[in-house]
Structures are given as C-alpha cells and as structure tokens.
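Every value quoted in this text rests on a predicted model; they were computed, and no experiment measured them. Residue numbering restarts at 1 for every chain, and letters A, B, ... go by the order of the sequence lines. Just so you know, these numbers use all the heavy atoms, side chains as well, and skip hydrogens, waters and symmetry mates.
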Amino acid sequence: MIKITLPDNSVREFDAAVTGMEVAESISPRLAKDVLSVSVDGVVWDLTRKIEHDAKIKLYTWDDREGKDTFWHSSAHLMAEAIESFFPGTKFGIGPTVDTGFYYDIDLPEGKTISDKDLVNIEKKMLELARQKNDIVRSEISKNDAMAMFTQKNDELKQELISELEDGTITLYNQGNFTDLCRGPHLPNTGYIKAIKLMSIAGAYWRGDEHNRMLTRIYGVTFPKQKMLDEYLVMLEEAKKRDHRKVGKEMQLFTFSENVGQGLPLWLPKGAQLREQLETFLKKVQKKYGYEQVITPHIGDVKLYKTSGHFQKYGKDSFQPITTPAEGEEYLLKPMNCPHHCEIYKAWPRSYKDLPVRMAEFGTVYRYEMSGELHGLTRVRGFTQDDAHLFCRPDQVKDEFKKVIDIIFIIFKALSFENYTAQISLRDPEKPEKYIGSPENWDKAERAIIEACEEKGLNTVTELGEAAFYGPKLDFMIKDALGRSWQLGTVQVDYNLPERFELEYIGSDDKRHRPVMIHRAPFGSMERFVAVLIEHTAGKFPLWLTPEQAVVLPISEKYNDYAKKVSEVLNISDIRTVVDDRNEKIGRKIRDNELKRIPYLLIVGEKEAEEETVSVRRQGEGDKGTMKVNEFAEFIANEVREQLSGLYN
RNA sequence: GCCGGAGUAGCUCAGGGGUAGAGCGCAUCCUUGGUAAGGAUGAGGUCACGAGUUCAAUUCUCGUCUUCGGCUCCA
C-alpha cells in the first residue's frame with residue numbers, strides 16, 4: 001500500500017508502486033494530458049518513474065516553472081539528438097533551461113561550423129523526431145561505466161562532468177538513438193513537443209571561463225502548441241519595437257558617431273531635456289533629504305586611485321593615464337567620483353555634529369568596457385552617475401541606508417517601475433583575495449545592509465560574490481523590453497575607503513574617529529536609466545518628464561501667428577510647447593505628432609484664434625474639447641503637480 | 001577581448017562582376033484645409049574603410065572599423 005499526499009493534503013492510496021502519471025490519471029484525464037513532471041518529497045521526477053514509498057507529491061504543468069523546465073530540458077535533448085544526426089561526432093557540454101527556453105553548448109567535429117541555415121534543418125529534424133513520440137527512458141549507471149561510455153564517444157566534455165559526480169548518483173536518459181548524461185527529469189516521450197524555434201547561435205566559453213575553449217551555443221524555445229509559439233514570436237516583435245536604441249533614434253534623444261568613438265553617447269536636444277528633467281527631479285528629492293551638490297573635475301591624479309585601490313584593481317584594463325608634457329605627471333580620466341568626494345570631506349575638519357555629510361554630484365565617469373560589451377545606452381564607456389556619498393558615524397549607517405532606499409522608491413514611484421528585483425550582493429567567501437579591507441569591517445557592512453533591508457521589509461535575493469571589491473551592495477535590477485536584466489540603483493556600505501583616505505571626525509569624546517561611507521546612485525547612470533525608461537514606456541514618457549509636452553497645430557498657415565502666440569504663452573508658464581507650422585493638412589499634422597508621442601496636441605484655427613482658445617487632443621485618446629489658453633496652462637500644470645504630488649514637497 | 005551574423009540615400013530596406021533602386025523623410029512650388037498620410041517637381045549615395053583577384057569590384061577574397069545576438073567582464 002502506497003499513500004500519496006497531494007498539495008491540498010488529500011491522500012490517495014495505491015496497491016503498489018505508482019508513477020506520477022498514474023496519479024494524474026487517477027485524478028482527471030485532463031490533468032493526465034497536461035501534466036509534465038512531478039515532485040516527490042520536494043524533488044522533481046519523471047512522470048514515468050515509480051514511486052515506491054509513501055510520499056508527498058505535486059504535479060506540474062506548463063503553468064509551473066518546474067513543468068516548463070522539464071519540457072525545455074527534454075527539448076534540449078531533442079535538439080542534441082537532431083544535431084548529432086547532422087554532425088556525428090559532436091561533443092555535448094551542458095544543455096540547461098533558461099527563462100525563455102533552453103540552450104545546448106556543443107563542440108562540433110573538427111572543421112565543421114554551423115550557420116543559421118542549419119538551424120532550420122535542425123528544427124525540421126527535431127519536429128520529425130518529436131512526431132515519432134520516442135519514449136525518454138531513465139537509467140542508472142555506475143561511474144566507471146559512464147566514464148567508459150563517454151570515453152568511447154571521445155566526449156571529453158562529458159568525461160569532465162562525470163569525473164565530478166559521485167558514483168551511484170549518475171543517470172542516463174535515452175530517446176531514439178540518442179543517450180545523454182543527465183540528472184533529469186524529462187517528459188515521458190518526445191511527442192509532447194509540438195512547436196520549435198531555434199533562436200540563435202552564439203559562442204560560449206566552456207564552464208563559463210574565458211580561459212577555456214569556446215563552444216557553440218544554440219538557443220531554442222519550444223511549446224506544446226504551435227499557437228503558443230506564434231504568440232511568443234509576435235511578442236518578441238513587439239518588444240523589439242520598444243528597443244531604446246530604435247525609439248531613441250526615432251525620438252531624436254541620442255545618437256552615436258564613429259568619429260567620436262564607440263560607447264560614447266551624444267545626447268541630442270530632446271534627450272538632454274529629458275535628462276535635465278530627471279536631474280532636476282532627483283535634486284529636489286535629495287535637497288529634501290539633506291544632500292548638498294558638489295562639482296569635481298573629470299580627471300584626477302593617479303595617486304588618488306592608487307589610494308582608493310581602484311588603480312591596482314582596474315588600472316591595467318582601463319583607459320590609460322594622461323601624462324603632462326613637462327613634468328610627466330599622470331592623470332586618470334575619473335572612473336569613480338568617490339575619491340574626489342573623499343578629498344572634499346577632508347577639506348576641513350569634521351565634527352560628529354556635522355555628520356552625516358551627504359555629498360551629491362551628477363558625475364561623469366569614463367570606464368573602458370570591452371568592445372563586445374557595448375550596448376546602446378545600457379553599457380557605454382562614458383556616463384553620468386547620479387552619485388552621492390554619505391559620510392556618517394557608525395551609529396547612523398542603518399538609518400542613512402534606509403533613507404536611501406526611500407529615495408529609490410520615490411523614483412520608482414514617480415516612474416511607475418513596479419517589477420524590480422532587490423539584490424543583496426555580498427562577497428564570495430571562497431575568494432577573499434578579490435576584496436580589500438578586514439573581514440571584521442566586511443561583516444559589519446554586510447550586516448548593516450541585511451538588517452536595513454529587513455527593517456524596511458524589502459523583498460530581496462542574496463548573491464554571493466557580487467559585491468564591489470571595497471564593500472557589499474544592495475542593487476536594484478530592472479528588466480528591459482526583451483527581458484534582459486539591468487542593474488540600475490545601487491547602495492553600497494563601505495568601511496574601507498574611509499580608512500584608505502584616512503577620513504576622520506572628532507567625536508563627542510574629543511577623540512578622532514573614522515566615518516563610514518555609503519555610496520549610492522538611485523538611477524545608477526543616467527544613460528542606462530533612460531534606456532530602461534524608454535523601454536518601459538515605449539517612449540511615452542509621463543507628462544512631467546517628456547521633452548515636448550504639447551504641440552500647437554494650426555489648421556492652415558493663416559493661423560501660424562496665433563499658434564506661435566499660444567506656444568509662447570505656454571512656454572512662459574513652463575509648459576514645453578512647440579509649433580508644427582508645416583504646410584500640411586490638419587489630419588496629417590495630427591497623425592505625425594501622435595506618432596511623435598507628444599502628450600497634448602493643440603489644434604487652432606479661425607474659431608480658436610477669435611476666442612483665444614485651443615482645441616485639446618490627448619495623445620492616444622483623441623479630442624478633449626476646447627479650452628481657453630490659460631485654462632489649458634493651468635490644466636496641464638495640475639496634471640504635472642498630481643503626478644509628482646508628495647514626492648518631494 | 002572571444003564565437004557567429006550584418007554594413008547600399010537622413011530612416012527602413014530591395015538589388016547584384018559592366019560604377020545603383022523603392023517607400024518614408026528633406027527642398028521648392030501648387031493647395032489653405034477642422035481631428036491619424038493632399039498634389040507636382042527636385043536634391044541626396046566613393047554601395048563602411050583599405051588591400052587583393054579581374055579587362056572591369058558596390059557585388060568575389062582577405063584585413064580594418066562600426067554594429068547586432070551571445071559568452072566573459074562590469075569600480
């Protein structure tokens with residue numbers, strides 16, 4: 001007698017060992033059709049594997065992450081089988097699932113390469129193999145036998161993987177003519193896979209280490225229904241339309257020039273306007289929180305960065321120092337603002353009563369990024385951080401940290417960023433050589449972050465090894481239109497730089513003490529933030545932020561003068577307004593300006609000119625009726641006020 | 001930096017060993033209009049750059065640069 005407990009705590013009894021599939025069948029035919037895998041006492045299993053003892057189980061379908069994982073994992077095997085049929089002798093690395101599908105890292109036989117054209121053929125072969133509904137069969141194998149098997153196949157990648165496994169835990173999965181080393185679980189047979197799209201070919205270092213050889217990685221995605229694949233592809237097309245590189249070009253926000261250099265963005269007038277709005281907004285928030293603006297130069301003596309440790313850490317792989325012709329002094333394009341700010345802290349003696357000192361700067365920094373890394377505005381070589389450094393007493397760290405989190409949330413609220421991940425980035429305990437400073441200070445800094453997040457009730461994930469070399473971080477990550485995750489806001493607790501720069505304050509005991517630094521940038525960089533903002537809004541920025549808030553559209557050239565007058569009046573009231581006085585019909589002007597994503601279109605003709613009114617049209621919504629010009633000015637000012645109400649006043 | 005694509009007008013793209021095309025945009029003119037594309041005419045390209053093969057290269061080969069998708073990296 002086997003007792004199976006389901007998630008609702010109901011218990012089903014079976015006479016003998018039973019499979020997950022049999023349990024599903026006993027519940028409903030529909031479930032038996034949809035189920036993809038099963039967890040048995042918390043471990044995900046194949047549906048066809050016998051459960052021989054009492055167990056708690058949960059059945060997974062496509063709607064569960066575990067179900068999709070099983071589906072895609074089997075799809076990776078199916079792809080491997082198809083690849084092996086075209087390229088016998090291919091060596092297989094690893095073939096895991098990712099958020100949107102799966103990949104397999106392979107090493108093609110000597111002299112063979114794979115191209116996009118091959119992908120189509122591999123897809124066809126996969127479909128053919130899927131239609132055969134070959135059973136996917138699990139078997140256990142001893143370490144020696146497994147090693148012998150893959151030695152015979154000359155697959156040293158798998159041999160390396162096997163060598164790290166424990167005997168007695170090694171399993172193989174077979175389908176048709178293909179057998180792979182795999183922990184599983186897998187679908188019962190290949191017939192579940194109905195729709196297949198191989199997305200791209202990429203290079204990937206074996207085991208993610210750039211010192212290893214590069215394998216060929218093939219990304220793919222599969223679905224249980226063709227319709228789901230079609231919808232997914234449409235969704236990808238839609239996402240591409242939001243790509244900040246495309247929208248930024250269309251809206252004339254920024255550009256790049258080969259003559260200026262790669263990764264060096266040029267902000268066009270409208271993009272600069274957008275940035276200015278963001279900066280003004282943050283400055284107002286920061287003023288409320290007691291920050292003071294400072295300004296520092298774009299270069300600094302190399303010794304500044306030797307003191308901070310940045311030069312030792314990054315100097316070789318960075319823009320090289322600028323030298324003075326006569327004296328041979330070395331200056332570095334600043335990659336960080338903190339050393340400059342430390343020097344400002346040291347400009348005069350500080351008392352414990354002065355702390356915390358909150359020093360803010362929109363500081364432009366330059367970092368050498370490898371050419372293959374550059375990506376639109378999200379990864380560039382010259383960018384502006386909304387940087388600030390808080391110098392505080394040890395007893396103030398947690399409170400200051402929490403206030404920074406508040407500022408970040410004000411920004412996220414102002415821009416309706418709801419889907420973020422808060423990540424606590426700690427040191428890698430196995431690689432102490434990557435970090436500077438004492439373990440005691442690291443412990444204190446990490447504890448401060450963890451406690452501050454707990455006290456704020458923040459939902460966080462913790463990543464080891466993601467800390468900066470001088471201190472742990474709290475990072476806020478946001479996804480772009482295509483689901484790639486980018487780090488925006490960051491807060492870091494640092495006990496190290498104050499020591500290196502010998503920062504001090506005089507305590508109430510009349511003795512010298514060391515302050516603690518908090519580095520923080522809520523936007524992160526203006527460039528990356530604007531990029532993600534563009535993708536979030538598809539370029540339809542909130543009214544308070546958008547570079548052009550209203551456009552006046554004269555019905556004919558006869559009303560151009562009136563249109564200009566309206567625009568002047570609105571601009572005096574700080575409403576960013578332009579005029580479209582092209583020799584075009586009104587329908588055309590409406591269409592063009594709707595597509596330019598300007599929130600308000602103001603149509604003016606004979607009637608409006610006589611009555612000193614505008615006919616208001618809201619982007620995407622249509623005609624809103626007629627208003628006096630000053631009424632409209634008040635109306636739009638109100639809308640802006642509402643959007644920002646309570647955020648900084 | 002590494003693996004694999006791509007680079008033709010301001011933009012989106014077609015073409016192809018005999019020195020180039022479309023749509024949109026732009027300019028000029030006609031039209032002077034009432035809520036998502038009015039009409040005519042015209043200007044714009046060393047086909048990314050540099051070598052090589054060829055009678056002839058934008059097209060083929062190689063290199064460089066830039067860019068795209070990944071990998072690695074990211075103070």
Counting primed atoms plus P, OP1 and OP2 as sugar-phosphate and everything else as base, spell out the protein contacts along nucleotides 36-51 of chain B at 4.0 Å heavy-atom distance: B, S or - for each nucleotide, 5' to 3'. BBB-------------
For A/K249 and B/rC13, give me the distance from atom NZ to atom C1', rounded to whole Å. 13 Å
Could you check whether A/T216 gets within reach of a base, just the sugar-phosphate, or nothing at all, counting any heavy atom under 4.0 Å? nothing
P gap between B/rG10 and B/rG34, integer Å: 36 Å
Which way is the base of B/rG44 turned, syn or anti, if we draw the line at 90° from 0? syn
Hits for side chain to side chain contact (heavy atoms under 4.5 Å, CB included) against A/A609, two or more places apart or cross-chain, chain-then-number order -> A/Y559, A/Y562
A/K607 near the nucleic acid: base, sugar-phosphate alone, or nothing, with a heavy-atom cut-off under 4.0 Å? base
Using the criterion of both pairing distances under 3.5 Å for Watson-Crick and G-U wobble pairs, give all stems of 3 or more consecutive pairs involving RNA chain B. B:1-7 with B:65-71, B:10-13 with B:21-24, B:26-30 with B:38-42, B:48-52 with B:60-64
Between A/E639 and A/K624, is there a salt bridge with N-O shorter than 4.0 Å? no
Residues in salt bridge (Lys or Arg N to Asp or Glu O under 4.0 Å) contact with A/D592, at least two apart in sequence or another chain: A/R582, A/R588
Just jot down the side chain to side chain contact (heavy atoms under 4.5 Å, CB included) partners of A/V579, sequence neighbours excluded, or say none. A/V552, A/P554, A/A563, A/K564, A/S567, A/D581
Mind checking A/E608 for me? I need base, sugar-phosphate or nothing, with any heavy atom below 4.0 Å counting as a touch. base
Option from A/R245, A/K240, A/K246 for which salt bridge (charged side-chain N to carboxylate O under 4.0 Å, His left out) with A/D243 holds: A/R245
Kindly state each residue pair satisfying salt bridge (Lys or Arg N to Asp or Glu O under 4.0 Å) with at least one member in residues 295-316 of chain A, sequence neighbours excluded. none
Any side-chain N or O of A/Q262 below 4.0 angstrom from OP1/OP2 of B/rC65? no
Would the base of B/rU66 count as contacting A/S371 through its side chain, where contact means a donor and an acceptor less than 3.5 Å apart? no
Sugar-phosphate means primed atoms, P, OP1 and OP2; the rest is base. With that split, encode nucleotides 69-75 of chain B 5' to 3' as B, S or - using protein heavy atoms under 4.0 Å. BBBBBBB
Short side-chain N/O contact from A/K558 to OP1 or OP2 of B/rG33, under 4.0 Å: yes
Interatomic distance at P, B/rG50 relative to B/rA14, whole Å: 25 Å
Going by the rule side chain to side chain contact (heavy atoms under 4.5 Å, CB included), which residues pair with A/P96 if we only count those two or more places apart in sequence or in a different chain? A/I94, A/Y103
Whole-Å distance between B/rG1 P and A/R213 CZ? 24 Å
Roughly how many Å apart are B/rC47 and B/rG16, using the C1' atom of each and rounding to a whole number? 11 Å
Measure from CZ on A/F254 to P on B/rC11 and round the result to the nearest Å. 14 Å
For B/rA48 and B/rU59, measure between their P atoms and round to the nearest Å. 8 Å
Tell me what A/E557 touches on the nucleic acid: a base, only sugar-phosphate, or nothing, going by heavy atoms under 4.0 Å. base
Hey, which of A/T384, A/L377, A/L253 is the one that makes side chain to side chain contact (heavy atoms under 4.5 Å, CB included) with A/W267? A/L377
Note: for A/R582 and A/V616 on RNA chain B, the residue whose nearest nucleotide lies more 5' is A/R582
Contacts of type side-chain hydrogen bond (donor to acceptor under 3.5 Å, both in side chains), residue A/E237, not counting sequence neighbours: none
Let me check something: any side-chain donor-acceptor pairs from residues 466-476 of chain A under 3.5 Å, sequence neighbours excluded? List them with distances.
| from | atom 1 | to | atom 2 | distance (Å) |
| --- | --- | --- | --- | --- |
| A/Y470 | OH | A/Q492 | OE1 | 2.6 |
| A/K473 | NZ | A/D475 | OD2 | 3.4 |
| A/D475 | OD1 | A/T490 | OG1 | 2.7 |
| A/D475 | OD2 | A/S425 | OG | 3.2 |

Nearest-Å distance once atom C1' is located in both B/rA9 and B/rG21: 10 Å
Between P on B/rG33 and OH on A/Y562, what's the gap in Å once rounded to a whole number? 18 Å
Can you tell me how far C1' in B/rU58 sits from the matching atom in B/rU8, rounded to whole Å? 8 Å
Sticking with atom P, work out how far B/rC24 lies from B/rC73, rounded to a whole angstrom. 49 Å
Partners meeting side chain to side chain contact (heavy atoms under 4.5 Å, CB included) with A/E84 (sequence neighbours left out): A/F92, A/K153, A/F178
Give me the distances for all protein-to-nucleotides 59-64 of chain B N/O pairs that come in under 3.5 Å?
none

Considering only NZ, NE, NH1 and NH2 on the basic side and carboxylate oxygens on the acidic side, decide whether A/E612 and A/K565 come within less than 4.0 Å. yes
Report the residue (A/F256 or A/S115) whose heavy-atom-nearest nucleotide on RNA chain B is the more 5′ of the two. A/S115
A/Y368 and A/F319 aromatic ring geometry - parallel, tilted or perpendicular at 30°/60° bounds: perpendicular
Gap in Å between the two C1' atoms, one belonging to B/rU54 and one to B/rU19, rounded: 15 Å
So, for A/N337 and A/E361, which heavy atoms are closest and what is the spacing to 0.1 Å? OD1-OE1, 4.3 Å
Would you mind checking if A/R617 and A/E594 are paired as a salt bridge, meaning a charged N to carboxylate O distance below 4.0 Å? yes
